[in-house]
Structure formats: C-alpha cells, structure tokens
Amino acid sequence: KVTLFLGVPTLYRMILEHDRVDMYDCSSLRLCLSGADKLPREVYERWKKKFGKPIFQCYGATEVGFTTTSPFDREPDPESIGVPLPSREVLIVDPETLKPVPSNEVGEVLIRCEYTFKHYWNKPEETERSFVKVDGRVFYRTGDFARRDENGQLYFVDRGADIIKYKGYRISASEIEAVLQDHPAVVAACVVGVPDAKTGERIKAIVVLKEDVRGVSSMDLLNWCRERLAPYKVPRYIEFRDMLPKSKVGKLLRREIRDEERRKAQKKI
C-alpha cells in the first residue's frame with residue numbers, strides 16, 4: 001500500500017507502457033514526484049488520466065540536495081519544477097557576468113544553502129569552477145539553465161552540457177526530446193549536438209519506437225517536429241535504435257550518446 005512514489009520520467013513512462021500495469025492496484029498512491037530530468041507533458045497527462053494523481057516535480061543537485069519542489073497544496077504546473085525550499089536560495093544569472101537576469105529570461109541556476117559544503121576536498125580547481133561568490137555569499141554553479149516567472153515558479157530548460165549551439169542559437173535538447181516523445185509511436189528519444197564546422201553543432205535525434213509500431217519513418221517524425229518547433233530547432237538527422245543507454249534507475253545517459261557521436265565526427269575528419 002505505497003503512498004509516496006518518486007521516480008525519473010523514464011520510469012513513469014516504463015510503468016505506463018508495461019503490458020501488465022492493469023494487474024496492479026495503485027489506488028493507495030497519494031503523492032507522486034519526478035526528478036533528475038525534464039518531465040514530458042505527455043507522460044504527466046497519461047499518468048494523471050491512468051491513476052488519477054498528478055506528478056509533482058522536484059529539482060536539486062548532489063552538492064546542495066533537494067532545492068525546489070512543486071507546491072503540494074495546489075495542482076502542479078506540468079512544466080514547472082516548483083519553488084525553492086525555505087532553506088535554499090536560487091539565483092538565475094547570466095553565466096558570463098553572474099548578474100541576475102529578468103523574469104522569464106533563461107539563465108544559469110546558482111544555489112546557496114547554509115547547511116551544505118562550500119568546496120571540494122583537495123580539489124581547488126574544481127572548487128573554483130563550481131563555487132562562486134555573489135554579493136559576498138557562496139553559491140554553487142549547477143551548470144543547469146532555467147527561467148523564473150513573475151510568481152517565483154522555476155522552469156527547467158536544460159543542463160549546460162545538453163544545450164546545443166546551432167548558428168548562434170542555444171537550443172534545449174530536452175525540449176526536442178519532449179516533442180518527439182509526444183508522438184504516439186515513440187517510446188524514447190535522445191537529442192544531441194554533433195560538431196559541425198559551419199554551424200557549430202547539428203541536431204541529431206536517436207529514437208526508440210514502440211515494439212508494435214510499423215511504417216513510421218524519419219520523415220514522419222521530422223514533419224511532426226516541424227509542426228511543433230521553430231525551424232532552427234528541428235533535427236537534421238533521426239536515427240532509430242532498439243534501446244538507449246540508461247542508468248540503473250532509468251535515467252537517460254545522454255553523455256554516452258553525445259560522446260559516441262563526437263567520436264564518430266572526429267573519425268570523419
């Protein structure tokens with residue numbers, strides 16, 4: 001009779017796709033939380049329809065612990081990672097100047113907590129990169145990008161390493177993945193930037209289709225993206241695979257895919 005469930009978005013999707021999900025009584029669930037990655041709206045809506053419970057989001061980092069969560073006293077905004085906990089201070093800043101950006105503008109997430117460490121043991125260079133002083137107070141640089149609205153709600157955009165730089169644009173890989181995963185034939189997607197001398201990076205998507213799907217082509221998925229994304233965000237290439245690398249808890253390991261694609265690009269040079 002589990003009442004609280006915390007999982008990554010991929011785990012929620014795996015449960016929804018499981019062929020025996022209807023055999024289990026999940027009526028005891030009272031609170032569902034998602035973290036570690038961006039929650040696709042399609043997963044949120046399917047879960048709520050299936051189990052009658054919304055998915056609240058949370059966000060944090062190893063160095064500072066849980067930092068934000070959706071307020072539990074109201075229906076969560078499916079796109080928001082919530083508001084900071086009372087013990088956490090969050091700044092959204094320009095990564096170059098560390099100056100706060102205006103509401104609804106995207107910037108790097110800095111986090112401060114009185115009760116967490118302020119340096120790495122015997123790693124001065126890493127400490128210098130990861131911990132910065134703003135107005136005399138030490139903040140942790142997450143390397144993540146987000147925006148904050150007028151009501152203080154935070155919206156995760158992407159991890160710094162997953163931001164694709166294409167023709168001067170900063171493009172969120174997670175945004176494109178969410179669009180692809182909204183397609184009824186797609187069970188998983190990973191989007192990465194492939195180095196390109198002319199454009200900086202080209203956008204490539206690796207997609208896993210549902211087992212019973214037939215006849216869906218890369219052109220079908222590209223047209224799907226064109227209808228839902230700005231032209232410069234549409235992938236240049238789509239590759240189909242049987243599976244994507246994931247951690248033991250189901251978190252997509254984008255870094256493995258990104259490193260693999262960069263090794264391929266270097267071999268072609």
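Start at 1 with the first residue, then count along the sequence.
In this structure, the side chain of Asp220 engages the main chain of Ser217 through a donor-acceptor pair within 3.5 Å. When atom types are taken as modelled, the side chain of Ser172 and the backbone of Val157 share a donor-acceptor pair closer than 3.5 angstrom. A donor-acceptor contact shorter than 3.5 Å links the side chain of Arg88 to the backbone of Phe66. Although no hydrogens or angles enter the test, the distance criterion places no donor-acceptor pair under 3.5 Å between the side chain of Arg30 and the main chain of Ser27. The closest donor-acceptor contact from the side chain of Gln57 to the backbone of Gly82 lies at 3.5 Å or more, if one exists at all. Checking side-chain atoms of Arg141 against main-chain N and O of Glu108 turns up no donor-acceptor pair under 3.5 Å. Looking at Ser103, its side chain never comes within 3.5 Å of a backbone N or O of Glu150 through a donor-acceptor pair. Listed for the Asp149 side chain is a donor-acceptor partner under 3.5 Å among the backbone atoms of Asn151. Side-chain atoms of Lys38 do not come within 3.5 Å of backbone N or O of Pro9 as any donor-acceptor pair.
At least one side-chain heavy atom of Leu221 sits less than 4.5 Å from a side-chain heavy atom of Phe240. Between Asp77 and Ser70 the shortest side-chain heavy-atom distance does not fall below 4.5 Å. Contact check for Leu110 versus Val90: no side-chain heavy atoms found under the 4.5 Å cut-off. Using a 4.5 Å cut-off on side-chain heavy atoms (C-beta onward), Lys210 and Val208 make no contact. Side-chain contact between Phe117 and Thr127 is absent, with no heavy atoms from C-beta onward closer than 4.5 Å. Counting heavy atoms from C-beta on, the side chains of Leu252 and Glu177 come closer than 4.5 Å. Between Arg228 and Lys233, every side-chain heavy-atom pair lies at or beyond the 4.5 Å cut-off.
Environment of NZ in Lys165: sparse, with no more than 12 heavy atoms of neighbouring residues, nucleotides or ligands closer than 6.0 Å. The number of heavy atoms from other shown groups lying within 6.0 Å of CD (Glu75) is above 12. Other residues, nucleotides and ligands contribute over 12 non-hydrogen atoms within 6.0 Å of the CZ atom of Arg226. The 12-atom threshold is not exceeded at CG of Asp242, counting heavy atoms of other residues, nucleotides or ligands nearer than 6.0 Å. When the shell of 6.0 Å around CZ of Arg41 is examined, it contains more than 12 heavy atoms from other residues, nucleotides or ligands. Counting heavy-atom neighbours within 6.0 Å of Arg137 CZ, excluding the residue itself, gives a total above 12.
Under the 4.5 Å side-chain contact rule for hydrophobic residues, Val191 and Tyr169 share a cluster. Taking hydrophobic clusters as Ile, Leu, Val, Met, Phe, Trp and Tyr residues chained together by side-chain heavy-atom distances below 4.5 Å, Leu253 does not share a cluster with Leu244. When the side chains of ILVMFWY residues are joined at heavy-atom separations under 4.5 Å, either directly or via intervening members, Val64 and Leu154 end up in a single hydrophobic cluster.
Taking every heavy atom of both residues into account, Asp158 and Ala173 meet most closely at OD2-N, 2.7 Å. Across all their heavy atoms, Arg148 and Pro84 have their closest contact at NH1-CG, 4.4 Å. Scanning all heavy atoms of the two residues, the minimum distance from Ala185 to Val216 falls at CB-CG2, 3.8 Å. The two residues Val8 and Ala36 make their nearest non-hydrogen contact at CG1-CB, 3.6 Å. The two residues Glu201 and Ile163 make their nearest non-hydrogen contact at OE1-O, 4.0 Å. Heavy-atom minimum distance, Pro95 versus Phe145: CG-CE2, 4.0 Å.
Taking 4.0 Å as the cut-off between side-chain N and carboxylate O, Arg254 and Asp37 count as a salt-bridged pair. Between Lys50 and Asp22, at least one side-chain nitrogen of the basic residue sits less than 4.0 Å from a carboxylate oxygen of the acidic one, meeting the salt-bridge criterion. By the 4.0 Å N-to-carboxylate-O rule, Arg258 lies close enough to Asp162 to be salt-bridged with it.
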Under the criterion ring-ring contact (aromatic ring centres under 6.0 Å, His included), I'd like the reasoning laid out for Phe56 against Phe72: C-alpha separation, chi angles, the key distance, then a yes or no. CA-CA 8 Å; Phe56 294 85; Phe72 299 143; 5.2 Å; yes
Stepwise side-chain contact (heavy atoms from CB on, under 4.5 Å) test for Lys99 and Val93 = CA-CA 5 Å; Lys99 299 293 184 182; Val93 304; 5.9 Å; no
- Task: Take Arg46 and Glu17 through the salt bridge (charged side-chain N to carboxylate O under 4.0 Å, His left out) test and state the conclusion after the steps.
- Result: CA-CA 10 Å; Arg46 287 175 61 197; Glu17 298 290 343; 3.0 Å; yes
_Val234 vs Ile203, side-chain contact (heavy atoms from CB on, under 4.5 Å): CA-CA, chis, key distance, verdict_ = CA-CA 7 Å; Val234 176; Ile203 304 171; over 6 Å; no
- request: Quick one: do Thr69 and Leu33 satisfy side-chain contact (heavy atoms from CB on, under 4.5 Å)? Show the steps, please.
  value: CA-CA 9 Å; Thr69 185; Leu33 287 164; 4.1 Å; yes
- request: Could you give me the CA-CA distance, side-chain angles and deciding distance for Glu42 and Arg13, then say whether salt bridge (charged side-chain N to carboxylate O under 4.0 Å, His left out) is met?
  value: CA-CA 9 Å; Glu42 171 255 352; Arg13 185 185 293 277; 3.1 Å; yes
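Between Leu180 and the choices Leu229, Val207, Leu222, Ile206, the side chain to side chain contact (heavy atoms under 4.5 Å, CB included) rule is met once, by Val207. Screening Ser34, Pro78, Ser80 for a side chain to side chain contact (heavy atoms under 4.5 Å, CB included) involving Leu39 leaves a single residue, Ser34.
By the ring-ring contact (aromatic ring centres under 6.0 Å, His included) test, Trp224 is found to be paired with His183, residues two or more places apart in sequence or in another chain being considered.
Side-chain contact check for Glu63 and Tyr120: at least one donor-acceptor pair (N or O, by modelled atom type) lies under 3.5 Å. Side chains of Asp196 and Tyr166: a donor-acceptor N/O pair is absent below 3.5 angstrom, by distance only.
Phe131 and Tyr140 have tilted rings, their planes meeting at an angle from 30° to 60° on a 0 to 90° scale.
Between Ile15 atom CD1 and Thr10 atom OG1 the span is 11.0 Å, to the nearest 0.5 Å.
For residues 191-223, there are no ring pair (Phe, Tyr, Trp, His ring centres under 6.0 Å) pairs, not counting sequence neighbours.
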